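Keep in mind it's a predicted model, so treat the numbers as computed, not measured.
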Amino acid sequence: MPRMRPIPAIGQARGVSSPDARDVSAVLALVARVEETQWLRDVDGFVSLLAPQAVWTTAFGRQIGGAPAIHAFTAAVLPNLFRDFQALYDVERITFLHADVVAVNVRQIPVDAEGNRRPGEDEGRPLYILRRHDGAWRIVVAQNTTHQNEKIAAQQRAVDEATSGETHAHE
């Protein structure tokens with residue numbers, strides 16, 4: 001039985017009309033296709049989801065510009081370096097920035113070949129900026145960030161300490 005996907009939050013920038021359900025479905029389908037191409041190690045299928053001028057920033061901070069360069073990089077790493085890596089891509093938020101531009105926040109969950117969570121591996125938090133061109137949504141900018149629980153918690157503690165000091169100073 002297929003696993004249930006979370007329902008993403010849907011929003012829009014001020015002045016942008018409410019998104020059409022077909023656009024939401026198309027965005028979800030594009031992210032599902034990203035996941036599928038990754039599982040299948042389908043480099044050509046993956047790159048077909050990109051705009052020709054796309055910019056991709058990896059979780060390690062490497063920036064790659066243009067579909068041909070992204071193709072070459074993906075062909076080198078996907079079937080080799082990441083051959084044992086699988087992930088589920090859950091869309092958490094879709095924000096329509098313009099009628100033809102959308103930001104998509106994704107939760108990338110590392111799993112084994114059977115779809116079971118891989119303990120000890122960091123999740124990813126990709127952000128995709130999509131643009132509709134000729135009726136099809138394509139990725140124009142992508143940034144994958146590693147979700148680092150311990151560093152996030154330490155950062156939050158520092159923020160909490162700083163803001164509690166400000167609260168006491170104003171009393």
_Derivation and outcome, side chain to side chain contact (heavy atoms under 4.5 Å, CB included), residues Leu130 and Val101_ = CA-CA 6 Å; Leu130 311 181; Val101 179; over 6 Å; no
*Hydrophobic side-chain clustering at under 4.5 Å (ILVMFWY, transitive links): who's grouped with Ile109? Put none if nobody.*
Trp39, Leu88, Val111
*Would you say Thr37's side chain and Val34's backbone share a donor-acceptor pair under 3.5 angstrom?*
yes
Mind listing the closest non-hydrogen atom pair of [X] and [Y] along with its distance?
| X | Y | value |
| --- | --- | --- |
| Ala13 | Thr95 | N-CG2, 4.5 Å |
| Gln86 | Gln38 | OE1-O, 4.4 Å |
| Leu97 | Ala103 | CD1-CB, 4.0 Å |
| Val16 | Ala99 | CG1-N, 4.4 Å |
| Ser164 | Glu161 | OG-O, 3.0 Å |
| Arg117 | Pro110 | NH1-CG, 3.3 Å |

_Working note: Asp23 + Phe96, criterion side chain to side chain contact (heavy atoms under 4.5 Å, CB included); need CA distance, chi angles, decisive distance, verdict._
CA-CA 10 Å; Asp23 285 328; Phe96 286 81; 3.9 Å; yes
*For Asp90, all residues meeting salt bridge (charged side-chain N to carboxylate O under 4.0 Å, His left out), sequence neighbours excluded*: Arg3, Arg5
Would a 4.5 Å heavy-atom cut-off, applied to side chains only, mark [X] and [Y] as touching?
| X | Y | value |
| --- | --- | --- |
| His71 | Asp44 | yes |
| Pro8 | Leu28 | yes |
| Val106 | Val31 | yes |
| Phe46 | Ile70 | yes |

Expected list for residues 47-67: side-chain donor-acceptor pairs under 3.5 angstrom, two or more places apart:
from	atom 1	to	atom 2	distance (Å)
Ser48	OG	Gly45	O	2.6
Thr58	OG1	Phe60	N	3.3
Thr58	OG1	Gly61	N	3.4
Thr58	OG1	Arg62	N	3.1

*Is it true that Glu123 and Arg125 make a salt bridge, defined as a side-chain N closer than 4.0 Å to a carboxylate O?*
yes
*Please walk me through it: do Tyr89 and Tyr128 pass side chain to side chain contact (heavy atoms under 4.5 Å, CB included)?*
CA-CA 12 Å; Tyr89 291 68; Tyr128 303 145; 3.5 Å; yes
Euclidean distance, [Y] [atom2] relative to [X] [atom1], rounded to 0.5 Å:
| X | Y | atom1 | atom2 | answer |
| --- | --- | --- | --- | --- |
| Gln12 | Ser18 | CD | OG | 4.5 Å |
| Leu30 | Ile139 | CG | CD1 | 5.0 Å |
| Asn105 | Leu127 | CG | CG | 5.5 Å |

_Exercise: do Asn144 and Gln108 side chains pair donor with acceptor under 3.5 Å_ = yes
*asked:* Test side chain to side chain contact (heavy atoms under 4.5 Å, CB included) on Ile94 and Val102; report intermediate values, then the result.
replied: CA-CA 7 Å; Ile94 300 171; Val102 65; 3.2 Å; yes
*Do the side chains of Val24 and Trp137 join up, straight or via other hydrophobic residues, at under 4.5 Å, putting them in one cluster?*
yes
